[in-house]
Amino acid sequence: MKGQQISRTAVVWQLLAVALVVLPHLQWLPLWVPVLVVASLGARLMIHRGRWSFPHWSVKTALVVASSGGLILSFNHQAGPETMVALLVVALALKLLEIYHRRDALIVLFVTLFVAATAFLFNESVWMAGYILLVVILTLAALNSIQQASDANRYRDNLKTALHMLLPAIPFMLVLFFLFPRLEPFWSVTIDTATAKTGLSDELSPGDISELSQSSELAFRATFSGEVPPPDQRYWRALVLSHFDGRRWSRPEPAVRHSLRAEKLTPLSPEQPYDVIMEASGRPWLVALDQPVAVEPGLRMSAVRTLHLDAPLERRRQYQASAVTRYRLQPLLTSAERQHYLQLPASGNPQSRALAQRLLAANNGDPQAVIRQLLAQFNREFIYTLAPGRLGSDSVDRFLFDSQQGYCEHFTSATAFVLRSADIPARVVTGYQGGEWNPYERYLQVRQYDAHAWVEVWLDGEGWQRLDPTSAVAPERIRTSAGEFFNANNERFSRGGLELEWLRDMRQRYDAFNYAWQRWVLNYQGQQSDLLKDWLGGSEQWRLILAWLLPTAAVFGGVAWWQLRPRRVRIKDPLERALLRLQQRLTGENCRRQPAESLSMWLQRIAGYWPEQQSQMLRLAWLDDQQRYAAGADQTMRTEMLQLCRQLLRELPGRRIP
Amino acid sequence: MAEAEPVRKHVEQALEALSGVLLGKEKQIRLALTCLLAQGHLLIEDVPGMGKTTLAHALARVLGVADTRIQFTSDMLPADIIGVSVFDANDSRFRFHPGPVFTQLLLADEINRATPKTQSALLEAMEEGQVSVDGERFTLPTPFFVIATQNPSSQFGTFPLPESQLDRFLMRITLGYPAPEVERQLLAGGGTHLQARQLAQCLTPEQLLQAQAACRQVHASSSLIGYVQRLLQHTRDAVGFSYGVSPRGGLALLRCARTWAWLAGRDHVVPEDVQAVLDAVVGHRIRSADDLAGHEGDRLVAQLLAEVDVIGQ
């Protein structure tokens, strides 16, 4: 095989497959790698046309050295997946320059298939899957064409063969998809894509969330098996921030965090189970509907009832939880806890502190009345806007008494500050609020611009209660989704472009399609473990291995049997079939018919062994001779033969000569 | 078939007469007669003194045809066989003197002693049924048979016949040594040459032609033709065969099988007929992949019989 020339068609197929397989990687490859690929493709084409000759070994050596150096410089000695894929692509490009034999072409095409698979490290969308399928078909066509004679020039035939080869692969693909255990990778593959992820940070300072509101990137999707909560109940908690340094709200120090008791929750309404597919955020925390009660194993719940993972979320992840919308949370606080939730910096924002004292005095120390009055004030005098302007130092004072306009984080921060100043325990919660309902796949889609911040306030006897100051100033923001709200108030929020109804519909359908892909194909893991549990009665390692090995063995065994089975031609003629059965019946040592014996010779030879049937056998011999070889055989002969055959089959007992 | 039945009686008489001359060689005699009735030329291959010439003389006698014998030698020229044009001073023109080939049954003794040039002159006459001398065409008498004998080519001083010329012979048979019993009888009875000359004619030329026509009428069913074809195919496909049997060889096989069946008194061919003539018809047309001398025909035929099923699936 080694010395075989490859056809022109094969060269064209190879170049096409290589060019297309490198295409998806263009967005992150260092510029010189695509240049090298294009140059190699061009050189290969010129060599193929006979214009250029193969490069001298010194040229090739120089290219290898230069490329290795380039890889080291470009990737800074990092041995991540990008480096490895770039190395593969470079190797592919260089190998193109020395395709002399079929063997070399095979190497190029196998590496092409491998590079095609690596595309999924960077993009798992359905579009990429379709594209890679196309590349695989082209590569198969190329593999097919290099096995053909060098004068075969049939592009269409190659393509057809490639498609035909893919067809029998479908059952294997399905078996692999359903049964191949989704093992955790042995190494951690962390891909830093060029665009940094936007999302909630672990602290809240003015401007954080209004920045997020510019991003329409998907945060997560949620489905509900039962009733879907109304928009004003869709508070997705991510973080509880209880430490204020005068400007930023942040989580307490880990030592303090661990000293807090796990908060006790008494549900007052039935549990609502739901499913979340969270996009990769690069942060360890997850979202949970206010308030979570039960979560699946593998997720952690903190003392303040927020969910998080042990490691940052680097891949899209699906998890299940359930929530109660009415509850009593931590009705009693220890003095340490109370002190923690009343913490304020020693100085700063004097006007706000004075406002708190005034409110407290005016309402005779009734916390609920204080809250009501504060919110009423917001409703009367304040403006909800994304562009509040800069606030400078003492930001709470500046907001409450000067600008009086702001976004949810301003209202939240100010509310929590005033309440704490009035000796009412309060904390800031960040997360997402609302979301867009997709009617096609029936899920809630929450984007980054749905990010939100609100306050939780502790009331004696009632425990922690949710308090959203934004609902006082802009109730429609809470009742509708953020997207709709911004559209309706387009000018005020200075977000470009008016969304048309049909465009939104299209977008929802498109998103529903992507969602279905992610849910059913990419995140099959969850269903697989359920499926395996149902089928196998457990998901231990040995069960998985057996469940994998047995069907595989069955499938491959079936294929092997089909290929290696004794090919017995089905005989249609009943007479021939009966005669064959007669021969199969009489297979004793001396009975067996020799290939050179005609049936009549054979019957005459063995007739003597069975004196009782001898006459029938001789008659059958004569008849067979007549109908098989003489002129003018007729149907009556065949009928008589058939009868004789059946009679003999009945009467001749065994294979042995008596 | 009814009108050919008396002819078959005569042919059976001829067979009986021949068996009396060549003791213990019934199979070979029957094959030789089959070959002549199938209008083919016969090659008898054996070491000297096995009765080849006796068989040829005896056949000529019982069939009532004129026979000539040529003893081939290495210095023989084509003209010694075909004839020569000689200038006649009286008539002032060339006159053709026919050579020994102008006969009905030509016994070409030890054909492989002659040079290829001379061999080919004879073989051309065998194939065409005519000879050309000085641009003039002379038709040979009918029927025209050649019974050639040859020593096994491994002996000294022989020019083995190439495959293309072996193919012109319908059959190749070997006589072999007689059985001990027969040999004792032979030794006691003295020479047999005299007996061959004393044989009575059993067939008239017309009867011979009738017999030949009757043989061609024997029915070969599609099952049988399938078996013949599978045999031929096997010589081309199976391992161990250097080359397979040509379609001409296949036609020859079927023709001989028909004749053999007629001799056995059947109006249709059965596989046993094919098997009976297979060695003689096909043995010199196939060659084992690991044998260059061409003497393994019978072993290959045995292989063929063992490997090809009579009943095709």
Side-chain angles (χ1 to χ4, degrees), chain A residues 565-587 589-607 617-638 641-642 644-645 648-649, chain B residues 1-2 4 214-235 237-238 253-254 257-262 264-279 281-283 298-313:
Chain A
R565 88 203 125 101
R567 311 268 165 137
R568 194 181 298 153
V569 182
R570 186 107 187 90
I571 300 168
K572 289 216 180 72
D573 185 7
L575 176 57
E576 289 293 331
R577 206 157 56 224
L579 287 169
L580 189 68
R581 275 183 58 205
L582 193 60
Q583 291 174 50
Q584 284 164 349
R585 176 75 63 88
L586 305 173
T587 50
E589 190 66 27
N590 296 315
C591 268
R592 188 193 300 275
R593 184 179 71 83
Q594 302 301 314
E597 269 181 319
S598 66
L599 272 177
S600 84
M601 287 292 285
W602 171 66
L603 285 168
Q604 286 171 33
R605 176 166 67 83
I606 63 166
M617 286 169 103
L618 290 178
R619 172 74 184 159
L620 184 63
W622 184 82
L623 282 170
D624 183 73
D625 184 86
Q626 289 297 310
Q627 77 86 32
R628 208 180 287 275
Y629 300 113
D634 58 13
Q635 192 59 40
T636 54
M637 265 186 195
R638 291 174 54 84
M641 282 177 79
L642 201 55
L644 278 171
C645 268
L648 284 172
L649 277 171
Chain B
M1 296 310 296
C215 289
R216 285 195 295 271
Q217 298 300 315
V218 175
H219 175 73
S221 71
S222 60
S223 295
L224 184 102
I225 285 174
Y227 176 50
V228 171
Q229 203 281 327
R230 282 196 301 281
L231 285 170
L232 300 178
Q233 195 65 45
H234 196 74
T235 66
D237 297 342
L253 179 59
L254 194 57
R258 280 193 160 109
T259 311
W260 188 271
W262 184 78
R266 272 193 297 273
D267 62 349
H268 61 269
V269 190
V270 295
E272 291 80 63
D273 299 326
V274 178
Q275 291 163 1
V277 298
L278 190 66
D279 189 10
V281 178
V282 161
D298 47 352
R299 190 182 58 77
L300 285 179
V301 168
Q303 182 190 342
L304 205 54
L305 285 176
E307 287 175 359
V308 180
D309 199 328
V310 171
I311 299 164
Q313 299 296 347

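Just so it is clear: chains get the letters A, B, ... in the order the sequence lines come, proteins before strands, and each one is counted from 1.
- When all heavy atoms of A:Ser598 and B:Pro271 are compared, the pair lying nearest together is CB-CG, 3.9 Å.
- With rounding to the nearest 0.5 angstrom, the CG atom of A:Leu580 is 8.5 Å from the CD1 atom of B:Ile311.
- Using a 4.5 Å cut-off on side-chain heavy atoms (C-beta onward), A:Gln594 and B:Leu305 make no contact.
- Residue contact with chain B, scored on non-hydrogen atoms closer than 4.5 Å, involves the backbone of A:Glu597 exclusively.
- The side-chain hydrogen bond (donor to acceptor under 3.5 Å, both in side chains) check on B:Arg258 picks up nothing, with sequence neighbours excluded.
- Although no hydrogens or angles enter the test, the distance criterion places a donor-acceptor pair under 3.5 Å between the side chain of B:Gln275 and the main chain of A:Ala596.
- In terms of the salt bridge (Lys or Arg N to Asp or Glu O under 4.0 Å) criterion, B:Arg216 has no residue partners (sequence neighbours excluded).
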Apply side-chain contact (heavy atoms from CB on, under 4.5 Å) to the pair A:Arg593 and B:Val310, showing each step before the final yes or no.
CA-CA 10 Å; A:Arg593 184 179 71 83; B:Val310 171; 4.3 Å; yes
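- Heavy-atom contacts from other residues, nucleotides or ligands closer than 6.0 Å to CZ of A:Arg592 number 12 or fewer.
- The candidate with the highest count of non-hydrogen atom pairs below 4.5 Å against chain A, out of B:Ile225, B:Val274, B:Val308, is B:Val308.
- Judged purely by atom type and a 3.5 angstrom limit, B:Ser221 uses its side chain to pair as donor or acceptor with the backbone of A:Arg628.
- For A:Arg605, the CZ atom sits in a packed shell: over 12 heavy atoms of surrounding residues, nucleotides or ligands are nearer than 6.0 Å.
- When all heavy atoms of B:Val269 and A:Tyr629 are compared, the pair lying nearest together is O-CB, 3.3 Å.
- Residue A:Leu599 touches chain B through both its backbone and its side chain, counting heavy-atom pairs closer than 4.5 Å.
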